[in-house]
Amino acid sequence: MLRHCVRELHSPKKSWTRGTPVRVWYTLRTLRLFASTSISSPVGEHFDVIVIGGGHAGTEAACASSRMGCRTLLLTHKLETIGEMSCNPSFGGIGKGHLMKEIDALDGVCGRICDVSGVQYKVLNRGKGPAVWGYRAQIDRKLYKQNLQKEIFSYPNLTVRAAAVDDLLTKPGSTDNPATVCGGVVTSDGTTYHSKSVVLTAGTFLRAEINIGLQITPAGRIGDGPAVALAETIERAGFAMGRLRTGTPPRLDKRTIDFTKTSVWPGDDPPLAFSFMNERPWLKAEEQMPCHLSSIQGKEVVKIVKDTLHLNRHVKEELTGPRFCPSLESKSLRFGHLAHRIWLEPEGFDSDVIYPNGLSMTMPVEYQMKLLRLVPGLENVEIFRSGYGVFYDFIDPRELKPTLETRRMPNLFFAGQINGTTGYEEAAAQGIIAGINGAAKALSKPPITINRTEGYIGVLIDDLITNGASEPYRMFTARAEYRLTLRPDNAGAVRKELGELGGLSEFSLLHLTICL
C-alpha cells in the first residue's frame with residue numbers, strides 16, 4: 001500500500017486523476033493508525049504534560065502537573081463523566097483512608113471534594129489504635145462529580161478537551177539512552193498533541209468487555225465504549241500486558257426496600273474531615289444520612305450460584321478478580337456455609353438509588369432478582385440497573401520505575417487501574433505521583449519518590465513495581481511494615497520534597513505545617 005502511494009506521488013502530474021492527492025492522503029492516514037507515529041511533523045498544539053483519562057487518577061495527575069506550573073492538557077472521552085464514581089459511592093476505609101490523607105498532604109483534590117460532597121462521615125476501626133483508623137465518607141455521586149468538575153474546569157494552567165486517544169507520538173532516544181521516547185498523542189480524529197511528558201490513566205477501558213450472564217458488550221462501564229486502539233498501541237510498543245476482571249452490584253430502588261428489617265448505622269458525631277485544610281466537613285452530625293445493614297445466608301445463595309454457573313461467563317473465565325472485594329458468586333463458592341453482610345448505602349440526598357455493598361454479581365438478571373429477594377428487607381425490591389462484570393487489559397507494573405515512569409519508553413507514565421490496582425484511592429494516589437513526576441520531567445527537575453517508611457503511597461508503589469499484580473491490588477494497613485508510625489494524622493510527612501519542587505501552594509504548605 002505504501003509503495004503504491006509513493007509510486008503515485010512520483011508519477012508525472014499529467015497522469016494524476018482528480019482524486020489522487022486525496023486518495024494518497026487517506027491511505028497514509030490509515031497507515032498511521034496502524035503504526036506508532038513519529039514526531040517529525042511540527043503540526044499540532046504543544047503542552048508540557050498530557051494526561052489521558054478523566055477518572056480519579058487522571059484528575060489528580062492533571063491538577064498536580066498544573067500546580068507545578070506546567071501547561072497541561074487533560075484528554076477524556078466525555079467531559080460529563082470527569083470524576084465519575086463508577087462503582088461504590090464512597091471514599092476511604094481501612095488503609096484507603098491513609099492514602100486519602102497522604103494525597104491531601106500533597107495538595108490533591110479528592111479529599112477536599114469529599115469534604116463538600118459527603119452524605120455520611122465515619123472513622124472505622126476506632127476500637128483499635130489510631131495508627132489503623134480508617135477515615136471513610138459516603139458520597140453523593142452527583143455532588144462529587146459536580147464539585148470536582150467545577151474545580152477541574154477552572155484550574156490554572158489546565159486545558160480540558162473531549163477526545164479519544166488512539167496512538168502515541170514517539171521519537172528516537174539519545175545516544176546515552178537509545179529507548180524510544182514518548183512525545184505526545186494522536187486522537188481518534190487524527191489530531192496530534194505534542195508534549196514533554198504523557199500520563200496514561202486508562203482505568204478499566206483497555207479492550208474492555210462487560211458481562212451480564214452470557215451477554216458480552218464491549219465497554220469499560222455501562223454507556224462508555226472501550227479503548228481498543230490505545231490498547232493495541234501499548235501492546236505494539238512491547239509492554240507486558242495481562243487481563244483482569246472486576247464487577248459491580250445492581251443498583252436498587254430505595255422506595256421498594258423495607259428498612260425496618262435492617263439495622264441502622266449512623267455517621268460519627270462529630271464528623272471528621274479528610275482534608276487537613278478543613279476543620280470539619282460541610283455537614284452537621286444530625287444532617288448525615290444513615291447506612292443500613294442486612295445479611296444473606298450462604299446456603300441460600302450457593303444453590304442459585306451453582307445452578308447458574310453455566311450461564312455466567314464472568315465466573316467461568318480463568319481471569320483473576322479482586323480477592324478482597326469478591327463477587328457474591330466467588331464468596332458463596334469459597335465460603336458457602338457463612339452468612340454474608342450486605343450494606344445498603346445511599347447514593348445521594350436527592351437520589352432513590354441504593355448501592356448494596358457486598359452484592360456484586362454477574363449472573364443473568366432474572367437470577368439476580370431471585371437472589372436479591374432472599375435478603376431481609378429486599379423481598380419486594382426493584383432495580384434500576386443489574387450488576388455486571390468487566391474484563392480489561394492492564395500493564396504489568398514491574399514495567400515502571402518508582403516515579404511511575406515506564407522503563408521501556410521514557411517520558412511515558414502509567415497510573416491507576418491500568419497498573420493492576422482496584423479502588424478510587426489507589427488510583428488517585430498513583431495519579432498524583434505520576435502527575436508530579438511527569439511535570440518534574442517536563443521542567444527538568446528531580447522527581448519525587450515516597451518509600452515504604454514514609455507513607456502508604458510508598459507501600460503501594462513499591463508493592464506494584466516489585467511484585468507486579470497477579471490480582472487487582474487493594475491497600476490494607478497490614479501491607480505496611482511501618483504502620484504504627486504511618487498514621488492518618490501525620491500523613492503530611494510525605495510532602496517533604498514537594499515544597500521544594502513547587503507543587504504545594506503556599507497556603508496549603510503553611511496550613512499543613514501548623515496542623516503537624
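Model, not experiment: these values are computed from the prediction.
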Inter-residue atom distance T406.OG1 - F413.CZ, 0.5 Å rounding: 8.0 Å
Quick one: does R483's side chain have a donor or acceptor within less than 3.5 Å of a partner on A480's backbone? yes
Please report the shortest heavy-atom distance between I212 and G387, naming the atom on each side. CG1-O, 3.8 Å
Just by modelled atom types, is the F274 backbone N or O under 3.5 Å from a matching donor or acceptor in the D115 side chain? yes
Can you list the residues that meet the side-chain hydrogen bond (donor to acceptor under 3.5 Å, both in side chains) rule with S65, with sequence neighbours excluded? T72
Side-chain donor-acceptor contacts of residues 282-290 below 3.5 Å, not counting sequence neighbours, with atom names and distances?
unit_1	atom_1	unit_2	atom_2	d
W282	NE1	G118	O	3.0
E287	OE1	K284	N	3.0
Q288	OE1	Y121	N	2.7
Q288	NE2	D268	O	2.9
Q288	NE2	A285	O	3.2

Side-chain donor/acceptor of E102 to backbone N/O of L99, under 3.5 Å: no
Measure across L148 and G83 and return the closest heavy-atom pair with its distance rounded to 0.1 Å. CD2-CA, 3.4 Å
Taking every non-hydrogen atom, the tightest pair across Q297 and A339: NE2-CB, 3.9 Å
Taking everything shown except K142 itself, do over 12 heavy atoms lie less than 6.0 Å from its NZ? no
Near-ring test F91/Y144, centroid separation under 6.0 angstrom: yes
Looking at P249, is its backbone amide N or carbonyl O close enough to the side chain of Y388 to form a donor-acceptor pair, meaning the two atoms are under 3.5 Å apart? no
Exam field: side chain Q430 to backbone E426, donor-acceptor pair closer than 3.5 Å: yes
Give the ring-plane orientation class for H292 versus F259, where under 30° counts as parallel, over 60° as perpendicular and anything between as tilted. tilted
Check the surroundings of atom CZ in R280: do more than 12 heavy atoms from other residues, nucleotides or ligands lie under 6.0 Å from it? no
Looking at every non-hydrogen atom in both residues, tell me the closest pair between T362 and G389 and how far apart they are. CG2-N, 3.2 Å
Establish, yes or no, whether a centroid distance under 6.0 Å links the rings of F476 and H98. no
So if I apply the side chain to side chain contact (heavy atoms under 4.5 Å, CB included) rule between M363 and each of L311, L371, D307, which one comes out positive? L371
Counting N and O atoms only, with roles assigned by atom type, does the side chain of T201 sit under 3.5 Å from a partner on the main chain of I52, one being a donor and the other an acceptor? yes
For F276, does the six-membered ring have the charged nitrogen or CZ of K101 within the cation-pi criterion, i.e. under 6.0 angstrom from the centroid and within 45° of the normal? yes
Could you check whether any side-chain N or O of Q149 sits under 3.5 Å from a backbone N or O of I82, counting only pairs where one atom can act as donor and the other as acceptor? yes
If only atom types and distance count, is the side chain of D253 paired as donor or acceptor with the main-chain N or O of E382 below 3.5 Å? no
Is a side-chain donor or acceptor of N147 paired with a backbone partner of V116 at a separation under 3.5 angstrom? yes
Closest approach of C87 and T248, non-hydrogen atoms and distance? SG-OG1, 3.4 Å
Indicate yes or no for a side-chain donor-acceptor contact from R221 to the backbone of A219 under 3.5 Å, with no hydrogens or angles considered. no
Those residues that, when tested against W343, pass side chain to side chain contact (heavy atoms under 4.5 Å, CB included) (two or more places apart): W265, L293, R341, E345, N357
State whether W133 and R487 meet the cation-pi test: NZ (Lys) or CZ (Arg) under 6.0 Å from the six-membered ring centroid, and within 45° of the perpendicular axis. no
